[in-house]
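The next block holds one structure in the form of structure tokens; read it before the comments.
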Amino acid sequence: MPDTLETIECIVEGVTFHNAENGFTVLDVNMGGDQITAVGTFFDVGPGEELVLHGRWGNHSLFGRQFQVESFESRLPDNAASLLRYLSAGMIKGIGPKTARKIIERFGENSFEVLEKDYERLTFIKGISKDKAKKISDEFNRQFSIRNVMSELDKFGITAPECIRIFKRFGASAVEVVKRNPYVLCGEIRGFDFRRCDEIAAKLEEKPAAEYRSDAGLLHVMRHNLGNGHTCIPRDKLLAPCSDLLDASTDAVEETLDRLIERKELISHAIGDREFIFLPDIYRSEAGAAERLAALMKFPPLTKDAPDAMIDEIEKENGIHYAPGQREAIKKAAASGIIILTGGPGTGKTTTVRGIIQFFEKRGLNVLLAAPTGRAAKRMSELTGKEAKTIHRLLEVEWSDEDAQVFARDELHPLDADAIIVDELSMVDITLFDALLKAVPFGCRLVLVGDCDQLPPVGAGNVLLDMVDSGIVPVVRLTEIFRQAQQSLIIMNSHCILRGEAPELNFKDNDFFFIDRYTSLQTSSLVCELTVTRLPGAYGYDPMTDIQVLCPSKKGDCGTMNLNHRLQALLNPPDEGKNELNSLGRILREGDKVMQVKNNYNIEWKRGGEEGAGIFNGDVGIIKKIDRRAGTITIDFEGRTTEYPTENLADLELAYAVTVHKSQGSEYPAVILPVFDAPPQLTYRNLLYTAVTRAKKLLIIVGSRERLAQMVANNKKNRRYSALKSFILEKF
């Protein structure tokens, strides 16, 4: 495909399809007498308009030759005939064909000027009141404000979909706002980081105030660290990266920091003898969670006893015998308002949770179950036999007009529950945990289940570990590995890894295998062979649903980027009968296995007769249909079918291979783990332990024994700054 764009001039004949949300449009246009199809992002384009389109020619498998538009310019109709055609198209609310003809007959080629600046003259036309004339003029000016925004911002390399997002945020003054301070886009509009705003600023005739740049740079560094999991940063650690980014002295950065703190765009809080800096929303979440936690613990449930006879009865009903730690957990769940249940694989967490549920139900309590992801909630339902919801669904997530998540359940509208059990707490970030605690009614029992030794959440915070380390919240740690679990080398080796001991690699007839390879290319090739042919042939595993390749890193021969490219070519090669899209340098094809990598609360889904909204970080699906004409992709996210808008493709990744971090909360029948060329910062014990414990039936590690030994020996966890522990201790 050529790098240069072609330019064509045309007149719009008709609008075949238009998505009002993202602007994706299919136009029938007349180019010098030839009727062609143009597809791209437009806003309220109508018949009769003269357009100058910049783009490339392409072929659609169903609809044939199309001009794929990347940018465009609109030329207003300049004669009465084209004015009539445009106004008759119904693009302006309140003007139909009859009204359009009356306007043209009355005002001729001055019609647009009347609509824009002198709307009261429209009342000369029978049937148009002053109020209706004002509404028609407002709609006309709104449409042309959007066009002006798109035309002006195109000069700065801002795409049409981005222009629409900017217009929705700043309205008709968007161009003025961006020209005065392009850094306002940083953090406000998806797709604009600090460096891109710098590039826009460099193209402006009048440079923005230096203060705008320094403020945005410092906030950018804070948001970047938030993305790396930190809820706060020590002041002394913040200065150097800000100084480097802004090419400014530390004194200048200090001045900017103090200004932002004074304006409350950043929060300063002393922990011990050190000053920490927070973004306001995260500060409120972390401090609020600690405050709510303290309040819930001060108002525990009234009934606290857990008679041994009742626990004995549950044992008899299930034909089991609880270990001392499991019995202790049931008793503490009954006696405490809040309890943390933790332990590694094979220690009986699930059996204990089932016992706690049965105990609560024998007490007549209304019990709710939840987990952070759809996969984790589904697994919780399967293991307990009770319905479990995602935390978002439990809290009845909604989406505000400002594109912010809002939970219907909170302090004013708490959950209707006597007991709530939350699994996979290690995956829960501070923002979600704060929202959950707000919705827990006083007197409700809260059982938090998780593995302290797994990786921290993808989002910000260290919720589980901070609460355990505080020593305030009651904790039961299960350590005994049950006899049945001892038959699994996956489980036994995971505990060896936790203790820093070498896992057993020489057994050939269990569920844990290691295969030596001596180069990264050999390792990646064997991973592909195992996934595509050997495991399906030997065990009957489906490569799309049963086998998951987990990688420490995205990069390198054994990273997700390379392995996804290779596995896609083997498992879902190009085919004339399959539509595909080229997005961000990768191909997405019908039949591909994909993962959502960012929470999106707006995307609607259907499952049987059930309908809902929200596809979340870590959800995995299969692309069923690509409809470029409609700008949608049909994806089946494990039974939930969505019409996924193509404008959100940046939130999708191929999922034949995923990072260990993205696998948290999931289990797979078979896991293949390449261990060879991961960077040093990703070769540590926690990550290896998390990867191993994702496998239910079979784990195969491929690669270097030396690199595996390095991971086992490296117990240095990446430092994550968080303040929940300190805030909890301040409350007690």
Side-chain angles (χ1 to χ4, degrees), residues 323 325 342-351 379 383 424 426 450-455 477-517 523 526-527 530-531 534-535 538-539 541 546-553 558 657-678 682-717:
T342 186
T347 57
K349 288 199 304 294
T350 300
T351 301
R379 186 160 58 89
L383 293 173
E424 295 288 358
S426 63
D451 187 343
C452 292
D453 296 306
Q454 286 192 22
L455 293 170
R477 187 185 292 269
L478 302 178
T479 57
E480 180 182 344
I481 304 174
F482 286 88
R483 185 177 302 172
Q484 184 178 356
Q486 291 176 12
Q487 307 305 310
S488 167
L489 206 53
I490 292 174
I491 290 175
M492 298 308 294
N493 274 342
S494 68
H495 287 274
C496 286
I497 291 166
L498 271 185
R499 295 192 297 268
E501 300 170 2
E504 174 57 61
L505 303 180
N506 296 319
F507 277 89
K508 302 299 181 186
D509 58 351
N510 208 288
D511 54 5
F512 185 113
F513 298 90
F514 181 88
I515 304 176
D516 286 290
R517 283 298 180 267
T523 301
L526 180 56
V527 167
L530 288 165
T531 305
R534 288 175 59 170
L535 293 192
Y539 298 92
Y541 287 144
D546 298 329
I547 302 170
Q548 186 60 60
V549 177
L550 300 182
C551 307
S553 173
C558 300
V658 302
T659 62
V660 177
H661 283 85
K662 288 293 185 185
S663 73
Q664 288 174 263
S666 299
E667 281 189 343
Y668 313 95
V671 167
I672 304 171
L673 175 66
V675 175
F676 198 94
D677 58 357
L682 291 173
T683 53
Y684 58 96
R685 190 184 301 171
N686 264 81
L687 187 140
L688 177 62
Y689 171 77
T690 301
V692 169
T693 54
R694 299 308 89 205
K696 290 168 64 175
K697 298 179 180 179
L698 179 67
L699 172 73
I700 301 179
I701 301 179
V702 182
S704 162
R705 288 175 185 258
E706 180 182 0
R707 183 54 59 92
L708 183 66
Q710 290 172 356
M711 295 185 79
V712 173
N714 182 8
N715 198 29
K716 293 181 181 178
K717 303 173 184 176

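Listed for the E504 side chain is a donor-acceptor partner under 3.5 Å among the backbone atoms of N506. T342 contributes a side-chain N or O that, together with a main-chain N or O of G450, makes up a donor-acceptor pair within less than 3.5 Å. Judged by distance alone, the side chain of R685 and the main-chain N or O of V712 form a donor-acceptor pair under 3.5 Å. T347 places a side-chain N or O within 3.5 Å of a backbone atom of G344 that can act as its donor or acceptor partner. S663 places no side-chain N or O within donor-acceptor distance of the main-chain N or O of S666, the cut-off being under 3.5 Å. Between the side chain of R694 and the main chain of Q664, no donor-acceptor pair closer than 3.5 Å is present. Formation of a donor-acceptor pair under 3.5 Å by the N493 side chain with backbone atoms of P503 is not found in this model. Under a 3.5 Å cut-off, the side chain of T690 and the backbone N or O of L455 do form a donor-acceptor pair. Remark: side-chain polar atoms of K696 are not paired, donor with acceptor, to backbone N or O of E667 under 3.5 angstrom. A distance-only check finds a donor-acceptor pair linking the side chain of N686 to the backbone of D453 [under 3.5 Å].
Taking 4.5 Å as the limit, every side-chain heavy atom of D677 sits out of range of all side-chain heavy atoms of S704. No side-chain heavy atom of P669 sits less than 4.5 Å from a side-chain heavy atom of Q548. Here the side chains of P345 and Y689 are in contact, with some heavy-atom distance below 4.5 Å. For the pair L708 and L505, the minimum side-chain heavy-atom distance is below 4.5 Å.
Closest of all the heavy-atom pairs between P674 and V549 is CD-CG1, 4.2 Å. F514 and G703 get closest at one heavy-atom pair: CZ-O, 3.5 Å.
Residues passing the side chain to side chain contact (heavy atoms under 4.5 Å, CB included) test with M711 are V675, T683, L687, L688, sequence neighbours excluded. Every residue two or more places apart in sequence or in another chain was checked for a ring-ring contact (aromatic ring centres under 6.0 Å, His included) with F513, and none qualifies.
Here the OH-NZ distance, from Y539 to K697, works out to 12.0 Å after rounding to the nearest 0.5 Å.
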